[in-house]
Novice: 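What follows is a structure written as structure tokens; I'll ask about it next.
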Amino acid sequence: MANKIEELNYVPEMPEKVRKIVIIGAGGIVTGSHLPAYQMAEYPVVGIYDLDFEKAKKAADDFHIPYAADSVEKLVELGIKEEAVFDIAVPASKTAGILRMLPDNAAVLMQKPMGESIEQAKEILDICREKNLTAGVNFQLRQAPYMIAARKLIEDGVIGDIVDIDWRVVELHPWHLWSFLFGLERMEINYHSIHYIDCIRSFVGDPTGVYCKTMQHPKMQALSQTRTSIIMDYGDVLRVNLHINHNHDYAPDYQESMMKIEGMKGAIRIQLGLILDYPTGRPDKVEYITDDGKGWRTLEVKGSWFNEAFIGTMGGLMKKLENPDYHYMNSFEDAYHTMCVVEACYKSNAQGGLPVDYSE
């Protein structure tokens, strides 16, 4: 492991044998997170492609990547030659087409979401199975060091059985950084709250149903939705609630980016600082309390969502290549379940709430 990895006290999944990587896409998520994370983990990137060749060339120069390809075909050819993992970071609607260009039995990490609809997700699922791909989807939040820390507290029985999860996001998001989001029919859940849905699933599994309302804001009508409320139904014991408002256009005093997990013996509270003043972010914070009467205490966690979590999604895929029996938490099969929950959210939103009967 690299020295920077050894500094982490909650380490994302890492392979014994590192594989070479080729990347399709050189946008902001790649240059801002994938490549810095791979450098940190000492994962060698040997080639990169983008529709904009100059963008690919600049990324190659900035991150010392030996080869910038001017076509997908050349990048795929290099990947086959190097027995590399294919890292696909393109708009979700283009993922299936790229997958079809890859060789059978390839190893692939796809950027989230897994398509922009359940139909596209099912197409991706079928392609991965037909081509026997060892594939994952980059829902990286579940691999963030503070989520690893929270998972360990839960596994160690510190807070007891989980009975309540609250996720609150109240901030002003810089949507202008992602121009492709403007004009999409499905936006907020597909490209933001999907992270929270997926991460919650990694803690408590699949819900039986959802109640959802997602909507626009009068100050941001160029985007289809920027505010969302979701209840994930886990029966009569576990309550799960998401409150998402990306339009808090006021002072930062009462902005929030918080996940709270309550158990029968205690609770965990995580501040996800990245979302506050994105992309600069503010400090993360992990706190927990138990029934020992000592109050809330802070758990020191080194590393964050961006960029350390991106180590785990790729590292776990490499571990799966080493051992086919290894449980890879970012597998495409698991990711498909996240897409099923997302689809249910959009259906719930379309159906609307139960009409109130005001008759006398």
Novice: Between N307 and Y38, do the side chains contain an N or O donor and an N or O acceptor separated by less than 3.5 Å?
Specialist: no

Novice: We want to know whether Q271 and S257 form a side-chain donor-acceptor pair, criterion being a heavy-atom distance below 3.5 angstrom.
Specialist: no

Novice: Check whether more than 12 heavy atoms from other residues, nucleotides or ligands sit under 6.0 Å from atom CG of D161, and answer yes or no.
Specialist: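 Result for CG/D161: open.
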
Novice: Cut-off 3.5 Å, no hydrogens considered: what does the side-chain donor-acceptor table look like for residues 54-66, sequence neighbours left out?
Specialist:
{"residue": "K58", "atom": "NZ", "partner": "D62", "partner atom": "OD2", "Å": "2.7"}

Novice: Could you check V342, V341, I197 and say which one makes a side chain to side chain contact (heavy atoms under 4.5 Å, CB included) with V210?
Specialist: V341

Novice: Indicate yes or no: does D164 engage R239 in a salt bridge with an N to O separation below 4.0 Å.
Specialist: yes

Novice: If we check side chain to side chain donor-acceptor pair (under 3.5 Å) with T338, which of these qualifies: R142, R201, E343?
Specialist: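 Of R142, R201, E343, side chain to side chain donor-acceptor pair (under 3.5 Å) with T338 is met by R201 alone.
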
Novice: For the aromatic rings, using the six-membered ring if either is Trp, is the centroid distance between F180 and Y191 under 6.0 Å?
Specialist: yes

Novice: Does anything in residues 236-290 form a ring-ring contact (aromatic ring centres under 6.0 Å, His included)? List the pairs, not counting sequence neighbours.
Specialist: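 Matches after skipping sequence neighbours: H173-H246, H173-Y278, W175-H246, W178-Y278, H192-H246, H248-Y250.
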
Novice: Just by distance, no angles: are the side chains of N330 and Q143 close enough, under 3.5 Å, to form a donor-acceptor pair?
Specialist: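 Indeed, the side chains of N330 and Q143 share at least one donor-acceptor pair under 3.5 Å.
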
Novice: Would you give me the side-chain donor-acceptor pairs under 3.5 Å for residues 100-109, sequence neighbours excluded?
Specialist:
{"residue": "R100", "atom": "NH2", "partner": "E123", "partner atom": "OE2", "Å": "3.2"}
{"residue": "D104", "atom": "OD1", "partner": "K131", "partner atom": "NZ", "Å": "3.2"}
{"residue": "N105", "atom": "OD1", "partner": "N132", "partner atom": "ND2", "Å": "2.8"}

Novice: Should the heavy atoms of other residues, nucleotides or ligands under 6.0 Å from CD of E77 be counted, would the total exceed 12?
Specialist: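 Atom CD in E77 is not packed in, count stays at 12 or less.
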
Novice: Under the ring-ring contact (aromatic ring centres under 6.0 Å, His included) definition, can you give me all pairs with a residue in residues 328-360, not counting sequence neighbours?
Specialist: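 Applying ring-ring contact (aromatic ring centres under 6.0 Å, His included) to every pair that reaches into residues 328-360, excluding sequence neighbours, yields nothing.
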
Novice: Can a side-chain donor-acceptor contact be found between T226 and E188 if the only test is distance below 3.5 angstrom?
Specialist: no

Novice: To the nearest 0.5 Å, tell me how far K152 NZ sits from L299 CG.
Specialist: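 That separation rounds to 9.5 Å.
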
Novice: Do Q225 and H217 have side-chain heavy atoms sitting under 4.5 Å apart?
Specialist: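 No, every pair of side-chain atoms sits at 4.5 Å or beyond.
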
Novice: Could E322 and K320 be called an ion pair, given the rule that one side-chain N must be under 4.0 Å from one carboxylate O?
Specialist: no

Novice: Test of understanding: with salt bridge (charged side-chain N to carboxylate O under 4.0 Å, His left out), list the residues that count as partners of E13, not counting sequence neighbours.
Specialist: none

Novice: Check this for me: does any side-chain nitrogen of one of D292 and R297 sit under 4.0 Å from a carboxylate oxygen of the other?
Specialist: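 The answer is yes: the pair qualifies as a salt bridge.
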
Novice: Out of curiosity, S229 OG to L242 CG, how far, rounded to the nearest 0.5 Å?
Specialist: 9.0 Å

Novice: Who passes salt bridge (charged side-chain N to carboxylate O under 4.0 Å, His left out) against D284, sequence neighbours left out?
Specialist: none

Novice: Give a yes-or-no answer on whether the side chains of Q255 and R282 include a donor-acceptor pair shorter than 3.5 Å.
Specialist: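 Result is yes, a qualifying pair exists.
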
